[in-house]
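Reading through the structure tokens given below for one structure.
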Amino acid sequence: MHIKTRIEEFLLSFIKDAFGQNIDPGSILVQKTRKEFKGDFTVVVFPFTKLLRKPPEGIGKLLGEALVEKLEDIESYNVIKGFLNLNLKVDYWLDFFIEHHSDVYFGYSEPKEERPVVVEFSSPNTNKPLHLGHIRNNLLGDSVSRVLGANGHNVKKVNLVNDRGIHICKSMLAWLKWGEGATPGSTSQKGDQLVGEYYVLFEKEYIKQVSRLVETGKSREEAEKEAPLMAEVREMLKKWEEGDSHTVELWKTMNQWVYEGFDVTYDRMGISFDKIYYESDTYLLGKKIVEEGLKKDLFFRKPDGGAWVDLSQEGLDDKLLLRPDGTSVYITQDLGTAELRYKDFNPSEMIYVVGNEQNYHFEVLKKVLAKLGKPYSDAVHHLSYGMVELPEGRMKSREGTVVDADDLIDLMEKTAEKITRELGKTEGMTKEQKQTLYKKMGLAALKYFILKVDPRKNMVFNPNESIDFNGHTAPFILYTYARIHSVLRKAPNDKLLPLKKTIAASQMADKEKELLKLLHDFPVIVNESAEELNPAIIANYAYELAREFNQFYHDHSILNEQDRKVSEFRLRLASFTGIVIRSAMDLLGVDVVERM
RNA sequence: GGUUCCGUAGCUCAACCGGAUAGAGCAACGGCCUUCUAAGCCGUAGGUUGAAGGUUCGAGUCCUUCCGGAAUCACCA
């Protein structure tokens, strides 16, 4: 049991015994002591003052005495205002060190016997290449999956590909009209990039048509409906739904191009899935579910034939579930995939990593599922994340301001190469090793840049300022790791002294203890990150740990230390830090490097 | 207009779900490499936490109002 919990539980029972008062467990607050005060953990005693009717200093003293007496690990205490600072015995920290310092799974929980947790992320449309927004989605989904796995959950990563619908037809139609038979092979382009160009082309031509119609005196709304291109693309969608062989053939071909392109990008990002769903496979099931709901009078038909659900009881409006012509809308297929996913995995939880622009959609989805009496309606959890914005605002594909995923990764790799060359520390490395280094470094910088921000918040990316490689960044953390490994490589090969409590209290320097305390936090961090589905907690922890190590490294020599016991203690401490840095970075999906 | 979310240093982000003097990085300025990797370390400067009230021992955090921004309220996905 964690020392914090032990302190909390002790206080709870102590106050009950001594004062006959039951205290709200939530009012007991044990936190790490701030650096400017002496102590390891701090109890805030203000909450007890009212109940016990004593001044805070008195209570602090009383509780401090009791803790020192009854909890073996606590050595001493001091009280400042309403804060009770507790000092743990040095042996507590050393025991912790001895037990865990070489454990590569430190911080990870044993796998639990339980139903799986399904994490859906990525969910691309097959009409355009991935951009920076998708990168955030993919990195979050991947990292959250890793973090949940580290907490013992049985995680299934799934992708739901949006492979049908009018937007897909737009690319197809434009390609037919203006493509002149271009293929990824003939243009040596990635398939997703190629298809994306035709989507943009469609939009351009469509806007031209609309504005021409507006000039002839039509309202914008009329113009948008009547533009010939829109009519053509509607016709194409209809043909697709009817199974027209030419249309379906073209659809298959172009989607295949896109998938091949996506695979390259996923591979570069180090993203993979346990199962891929296609909307074209699930939307029919969604329709069936809506039909069932209609039969049970949970939903209703409007005079034009559209199927609707009345959510006024739930505080929302009516919501369309099927168009009057019977074709499905977005939520229709989500009902289908939820059902399918539940049958496939029998999950305890279904997490959807989807942008916060769809908060309302998921609210509706949950309520519709509840109305249908689906057992998994409570299992649906929307991991809602904020948009990635440019300094001038949102990325807009029509205005060509999207930051392309492949381009950005290229840029990061090039920057990594340039900086590495300037520093000139890679003598002796082969060409392949250097290439691998640039790739890892560039990707690490990008991933960290995105994951260090609280997922719920919108974030800003400025394309004109390249992502930093100094300071609060992945390269800084990787550099720390490389430094550690440099020391480990240079350490003498002699057998280390047996690990005993050879370090006396007076010998553990402040920086060593601070480092040890931080390492001690790691399991709590991993747990918290999972509970909040927030990788940023791990990212920020990894930075703090690296910074603390660098201070320690700066102040104390490891290999040049004359006292062998001290030298070996520091060597093991460095190695332990390396293990935790690697684990933390792994949870972010970032590879470490041993040289840079 | 209704609903929801967000306003923290010039910029990008933290702040342990109400706790001690709001912390980092970047950018700026000044130090530290004959010693384990200077992608580092140390220091200086930078804040009325959008504004005003309120709740209490204590508010960046909770409540109210206002200001500013975003998302959504589609027979788009």
Side-chain angles (χ1 to χ4, degrees), chain A residues 4 26 29-34 36-37 42 44-47 49-50 55-56 80-83 85 123 125 127 162 164-168 279 302 304 306 315-317 319-320 322-325 327 329-331 333-334 355-361 363-364 384 386-387 389 391 393-394 416 419-420 422-423 425 441 449 452-454 456-462 465 467-480 482-491 521 524-525 528 532 536-537 540 543-544 546-547 550-551 553-561 567 570-571 574 595-596:
Chain A
K4 265 175 154 175
L29 194 61
V30 181
Q31 52 193 196
K32 288 181 74 178
T33 302
R34 297 179 63 122
E36 56 265 39
F37 298 98
T42 295
V44 185
V45 300
F46 288 112
T49 49
K50 252 191 189 153
I80 299 172
K81 295 196 284 181
F83 298 92
N85 302 315
S123 312
N125 293 340
N127 63 337
N162 221 286
R164 62 165 289 276
I166 198 121
H167 50 299
I168 313 296
E279 188 196 327
K302 287 200 177 173
D304 65 2
L316 303 175
D317 291 328
K319 180 87 188 169
L320 179 84
L322 280 180
R323 296 194 186 100
D325 65 0
T327 58
V329 290
Y330 184 43
I331 197 159
Q333 59 101 6
D334 258 353
N356 61 13
E357 55 200 349
Q358 292 188 33
N359 286 353
Y360 181 73
H361 170 77
E363 215 180 314
V364 171
S384 162
M387 300 288 102
E389 290 171 350
R394 237 187 141 174
I419 293 175
T420 306
E422 280 166 8
L423 292 169
K425 296 183 190 173
M441 184 90 59
F449 174 79
K452 76 170 178 183
V453 181
D454 188 324
R456 289 172 308 226
K457 291 192 175 175
N458 288 356
M459 61 181 291
V460 178
F461 171 77
N462 187 343
E465 299 168 12
I467 293 175
D468 266 310
F469 279 62
N470 295 317
H472 189 179
T473 66
F476 169 80
I477 299 167
L478 296 197
Y479 170 74
T480 308
R483 263 183 155 181
I484 290 170
H485 271 264
S486 177
V487 172
L488 295 180
R489 278 194 300 273
K490 285 178 180 157
D521 286 342
V524 180
I525 296 289
E528 203 182 314
E532 297 186 19
I537 294 172
N540 287 309
Y543 171 66
E544 205 183 331
R547 205 160 46 108
N550 278 314
Q551 289 171 18
Y553 180 91
H554 179 267
D555 289 359
H556 304 287
S557 188
I558 299 167
L559 300 176
N560 297 330
E561 165 61 45
S567 171
R570 288 181 185 159
L571 192 63
R595 273 195 65 186
M596 63 185 273

In Watson-Crick or G-U wobble terms, both distances under 3.5 Å, what is the partner of [N]?
{"N": "A59(B)", "answer": "none"}
{"N": "U3(B)", "answer": "A71(B)"}
{"N": "U64(B)", "answer": "A52(B)"}
{"N": "G43(B)", "answer": "C29(B)"}
{"N": "C36(B)", "answer": "none"}
{"N": "U8(B)", "answer": "none"}
{"N": "G23(B)", "answer": "C13(B)"}

Nearest of [options] to any side-chain atom of [X]?
{"X": "R34(A)", "options": "G23(B), U37(B), G25(B)", "value": "G23(B)"}
{"X": "R483(A)", "options": "G25(B), G19(B), G40(B)", "value": "G40(B)"}
{"X": "P47(A)", "options": "A77(B), G19(B), U37(B)", "value": "G19(B)"}
{"X": "F46(A)", "options": "C17(B), G19(B), C41(B)", "value": "G19(B)"}
{"X": "E357(A)", "options": "C42(B), U72(B), G40(B)", "value": "U72(B)"}
{"X": "Y330(A)", "options": "A20(B), A77(B), C73(B)", "value": "A77(B)"}
{"X": "K4(A)", "options": "G19(B), C16(B), C73(B)", "value": "C16(B)"}
{"X": "L559(A)", "options": "C41(B), C36(B), A77(B)", "value": "C36(B)"}
{"X": "R394(A)", "options": "A20(B), U72(B), G40(B)", "value": "U72(B)"}
{"X": "H554(A)", "options": "G19(B), C41(B), U56(B)", "value": "C41(B)"}

Between atom [atom1] in [X] and atom [atom2] in [N], what is the gap in whole Å?
{"X": "K452(A)", "N": "A14(B)", "atom1": "NZ", "atom2": "P", "answer": "9 Å"}
{"X": "H556(A)", "N": "G40(B)", "atom1": "NE2", "atom2": "P", "answer": "20 Å"}
{"X": "H361(A)", "N": "C75(B)", "atom1": "NE2", "atom2": "C1'", "answer": "16 Å"}
{"X": "Y543(A)", "N": "U12(B)", "atom1": "OH", "atom2": "C1'", "answer": "13 Å"}
{"X": "Y553(A)", "N": "G40(B)", "atom1": "OH", "atom2": "P", "answer": "13 Å"}
{"X": "N359(A)", "N": "U4(B)", "atom1": "CG", "atom2": "P", "answer": "12 Å"}
{"X": "N458(A)", "N": "C13(B)", "atom1": "CG", "atom2": "C1'", "answer": "14 Å"}
{"X": "I419(A)", "N": "U37(B)", "atom1": "CD1", "atom2": "C1'", "answer": "16 Å"}

Please report the distance separating the [atom1] of [N] from the corresponding atom of [M], rounded so that it comes out in whole Å.
{"N": "C16(B)", "M": "C62(B)", "atom1": "P", "answer": "11 Å"}
{"N": "U8(B)", "M": "A15(B)", "atom1": "C1'", "answer": "10 Å"}
{"N": "C66(B)", "M": "G1(B)", "atom1": "P", "answer": "11 Å"}
{"N": "G30(B)", "M": "G46(B)", "atom1": "C1'", "answer": "16 Å"}
{"N": "U21(B)", "M": "U3(B)", "atom1": "P", "answer": "38 Å"}
{"N": "A24(B)", "M": "C42(B)", "atom1": "C1'", "answer": "15 Å"}
{"N": "G58(B)", "M": "G2(B)", "atom1": "C1'", "answer": "37 Å"}
{"N": "C17(B)", "M": "U72(B)", "atom1": "P", "answer": "32 Å"}

Short side-chain N/O contact from [X] to OP1 or OP2 of [N], under 4.0 Å:
{"X": "R323(A)", "N": "A77(B)", "value": "yes"}
{"X": "K490(A)", "N": "U37(B)", "value": "yes"}
{"X": "K457(A)", "N": "C5(B)", "value": "no"}
{"X": "R547(A)", "N": "A14(B)", "value": "no"}
{"X": "Q551(A)", "N": "C42(B)", "value": "yes"}

(message) Using O4'-C1'-N9-C4 for purines and O4'-C1'-N1-C2 for pyrimidines, with syn meaning within 90° of 0, is C33(B) syn or anti?
(response) syn
(message) Syn or anti for C17(B)? Use the chi torsion, O4'-C1'-N9-C4 for purines and O4'-C1'-N1-C2 for pyrimidines, with syn inside 90° of 0.
(response) syn
(request) Please answer whether G19(B) and F83(A) are stacked, defined here as ring centres separated by less than 5.5 Å and planes angled under 30°. (result) no
(message) Both D468(A) and N356(A) contact RNA chain B. Taking the nearest nucleotide for each, which residue is further toward the 5' end?
(response) D468(A)
(message) Heavy-atom nearest nucleotide on RNA chain B for P475(A) versus Y360(A): which residue maps closer to 5'?
(response) P475(A)
Remember a base hit wins even if backbone is also touched, and classify [X] as base, sugar-phosphate or nothing at under 4.0 Å, heavy atoms.
{"X": "E532(A)", "answer": "base"}
{"X": "L478(A)", "answer": "nothing"}
{"X": "E279(A)", "answer": "sugar-phosphate"}
{"X": "T473(A)", "answer": "nothing"}
{"X": "T327(A)", "answer": "nothing"}
{"X": "M387(A)", "answer": "nothing"}
{"X": "V453(A)", "answer": "sugar-phosphate"}

(request) Go through the N and O atoms of the side chain of N85(A) and the base of A20(B), and report whether any donor-acceptor pair is under 3.5 Å. (result) yes
(request) Kindly indicate whether the side chain of D304(A) and the base of C75(B) share any N or O donor-acceptor pair separated by less than 3.5 Å? (result) yes
Evaluate the side-chain proximity of [Y] to [X]: yes if any heavy-atom separation is below 4.5 Å, no if none is.
{"X": "I419(A)", "Y": "M441(A)", "result": "no"}
{"X": "F449(A)", "Y": "T473(A)", "result": "no"}
{"X": "T420(A)", "Y": "M596(A)", "result": "no"}

